[in-house]
K.L.:
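Structure incoming, see below.
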Amino acid sequence: MATNGSTRKFKESNEGKTLQSVSDERLVPAMGMTPGSFETAAQSTIKEIAEYYSNISTRPVLPSISPGYLQKLLPTHPPSEPETWSDIQRDIESKIMPGITHWQSPNFMAFYPASSTFPGILGEMWSAALTAPAFNWLCSPAVTELETIVLDWLAEMLALPPTFLSKGDGGGVIQGSASEATVTVMVAARERYIRRMVEREGITDAEEIEDRMCELRSKLVALGSEHSHSSTHKAANIAGVRYRSAKTYKQDDFALTGAGLRKTLEACKDKGLHPFYVTVTLGTTNTCATDRFEEIAQVAKDYPDLWIHVDAAYAGAALVCEEYQHISQHFAAFDSFDVNMHKWLLTNFDASCLFVQKRRDLTDALSITPSYLRNTFSDSGLVTDYRDWQIPLGRRFRALKIWFVIRTYGVSGLKAHIRHHIKLGEMFAELVKRRDDLFSILVPPAFALTVLTVKPNRKRKIEPPERVNGAEPPPYQDSHVPVLPDAAGDEKLEEANAVTKEVYELIDSRKEIFLTSSIIAGVYAIRVVSANPLAEEKHLRRAFDILVDTAEEVLRWREKGTRQANGDT
């Protein structure tokens, strides 16, 4: 009664009063700028971006700053009053550029590329303009439907088996990264395995099902090879399962073989574990090795509950070329496949394209529909809600930039792009081979990547072999056989590792080019890969000259030090 009385008095006291209008006292236009000032600012920004790409090769590829540099340049507290765009824009060059590693520079030959192109940038602009969380079809139907269409295009371009297309039981979805894709399919694999086990055991009581599922989870183990990307191990940590790696060998060029996988599976089962998932790789990070898919497909026949995921983050792009499409014929035996268009297919980060043969495997594991996400279209089952194909709920309109890129380049343009870099890689590997007085190639060059070591003791420079019947000599014949011994701790190996490391660190400190190093089966090696859109032959030749000059410089220092230590002059 007291509440009703208070409400009545409130109504009586407000009778006859006019509702005051709300005055707009905001200091800045609702969109941050007026349409006219935005157009001016955008034109200025686009001009600067165009100039950045035109002159990017003149910038040092690596920054020369110390950790915490930006804190010293920016105010301690946020601005209390609005600032002009001209002031903000000036800070890009003065504050941000000093701390940027220029991944788009043709002098960037480290890791793997992170492509950026003008069509991709324009796609990002429209994606930002049309910002929507896009967690279901109703949020913006074009966001969902374009994604389905362009990923079917991509599956066709890569010659994936038809079961990976949306027209059947499968389909594709854009993830943020290959690591995110790995977590997603591992969770789906975990739930599929457990569900199958419980169903086979015939358990029907809800509490018993829950207890058995928890018991099974404690015995699950995910697998990868020694050269699988670390994201597989991380995904296992996130999914709450164990992780084991299968050993690879130099004689197999560090590829995972069917025998190696089978041995690891059997070892896990002998310990009472349940192997439920394995990552196989097209283009490993260290050496760009391709796992033995045909052999692994045969193993899969004996393990029908094993989820096999193909991580093709970088090298999968090469499948657009017919000469590599024999690789994908084996993927019909595998459950999922992922390629990063933002690595080698000219699309700005992030655009990791995950394909599955059975989309229900994802939705069964990841679909939760509270009342506020329900709608007539989703309930009908006639539309795709990509929130059920991923870990996050919201998602960006990433299909736009893929659409722009594919339409701008066409399939023929994308093939030419890949083949250009393959040829550059072959040319670089040939340069290294012809200086086998200085270098050894550790594994066969693949997909524009060359992995090399520096020989600690210079030998006579061997001239390139002569042509035989007018033909060029085989470019990599025997060049992949390293002069280094296998045994870690061997004196010669330690010396070679020390020299290679010294050469790498000297190149890295001078910041003319950016390479990465790695340790492969105990061997310290230098990786060189040049596959970004602006790469040209002259950049690879310059990188080779820097390698030669630096290696000779380091070897002279060491020879001089040895003579001095021996009392020679």
Side-chain angles (χ1 to χ4, degrees), residues 45-62 97 100-127 150 153-154 157-158 177-178 283 288 312-321 324 339-353 398 400-428 446-450 512-516 527-544:
T45 299
I46 289 173
K47 181 180 179 182
E48 287 195 359
I49 291 172
E51 290 175 350
Y52 168 74
Y53 278 95
S54 296
N55 303 310
I56 193 171
S57 62
T58 64
R59 293 177 181 265
V61 64
L62 284 168
M97 285 299 180
I100 292 294
T101 297
H102 299 286
W103 283 66
Q104 310 312 316
S105 169
N107 297 315
F108 183 100
M109 303 175 192
F111 305 113
Y112 285 121
S115 293
S116 176
T117 57
F118 293 138
I121 292 172
L122 293 173
E124 287 284 14
M125 290 172 63
W126 269 111
S127 177
V150 297
W153 284 4
L154 180 60
M157 289 160 52
L158 301 174
S177 68
C288 223
Y314 166 68
L319 296 177
V320 300
C321 301
Y324 293 103
V339 61
N340 287 346
M341 286 196 72
H342 60 245
K343 276 192 168 69
W344 203 6
L345 277 179
L346 301 166
T347 307
N348 296 57
F349 188 85
D350 53 345
S352 188
C353 300
R398 293 176 286 210
L400 264 179
K401 58 190 173 188
I402 296 176
W403 192 42
F404 286 5
V405 166
I406 292 176
R407 293 180 65 189
T408 299
Y409 286 89
V411 178
S412 60
L414 294 173
K415 290 178 182 179
H417 164 73
I418 297 296
R419 288 168 177 154
H420 170 66
H421 289 119
I422 295 291
K423 290 177 181 177
L424 288 179
E426 290 173 347
M427 180 272 298
F428 182 84
F447 303 107
L449 172 70
T450 301
E512 295 176 276
I513 56 174
F514 185 25
L515 312 176
T516 43
R527 300 170 67 262
V528 183
V529 57
S530 183
N532 75 42
L534 297 175
E536 299 176 21
E537 180 177 342
K538 64 182 180 182
H539 301 115
L540 270 296
R541 288 188 177 275
R542 178 171 176 265
F544 177 72

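Here the structure is a predicted model, which means the values were calculated and not measured. By convention here, the first residue in the shown sequence is residue 1.
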K.L.:
Verify the ring-centre separation between Trp103 and Phe111: is it less than 6.0 angstrom?
P.N.:
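Under 6.0 Å, so yes.
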K.L.:
Check for a donor-acceptor pair, side chain of Asn532 on one end and backbone N or O of Leu534 on the other, with a separation under 3.5 Å.
P.N.:
yes
K.L.:
Tell me if a side-chain donor or acceptor on Ser352 pairs with a main-chain N or O of Ala178 at a distance below 3.5 Å.
P.N.:
yes
K.L.:
Compare every heavy atom of Leu345 with every heavy atom of Ala317, then report the nearest pair and how far apart it is.
P.N.:
CB-CG, 3.5 Å
K.L.:
Here's one to test your reading of the geometry: is the NZ or CZ of Arg527 within 45 degrees of the ring axis of Tyr112 and under 6.0 Å from its centre?
P.N.:
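Verdict for Tyr112: a cation-pi partner in Arg527.
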K.L.:
Please check: side-chain N/O of His420 versus main-chain N/O of His417, any donor-acceptor pairing under 3.5 Å?
P.N.:
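No; judged by distance alone, with no hydrogens or angles, the pair does not exist.
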K.L.:
Indicate, with yes or no, if the rings of His421 and Phe447 have centres closer together than 6.0 Å.
P.N.:
no
K.L.:
Would you say Tyr409 and Thr117 are linked by a side-chain donor-acceptor pair, where the criterion is simply a distance under 3.5 Å?
P.N.:
no
K.L.:
Which distance, rounded to the nearest 0.5 Å, do you find between the CE of Met157 and the NZ of Lys415?
P.N.:
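Between atom CE of Met157 and atom NZ of Lys415 there are 9.0 Å.
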K.L.:
With rounding to the nearest 0.5 angstrom, report the CD1 to CZ distance, Ile56 to Phe108.
P.N.:
10.5 Å
K.L.:
Distance check, rounded to the nearest 0.5 Å: Phe118 atom CZ versus Thr408 atom OG1?
P.N.:
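It comes to 12.0 Å.
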K.L.:
Thinking salt bridges, do Arg398 and Glu124 make one under a 4.0 Å N-O criterion?
P.N.:
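Salt bridge between Arg398 and Glu124, a charged N being under 4.0 Å from a carboxylate O: no.
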K.L.:
Kindly give the heavy-atom pair with the smallest separation between Ser57 and Pro106, and that separation in Å.
P.N.:
CB-CG, 3.8 Å
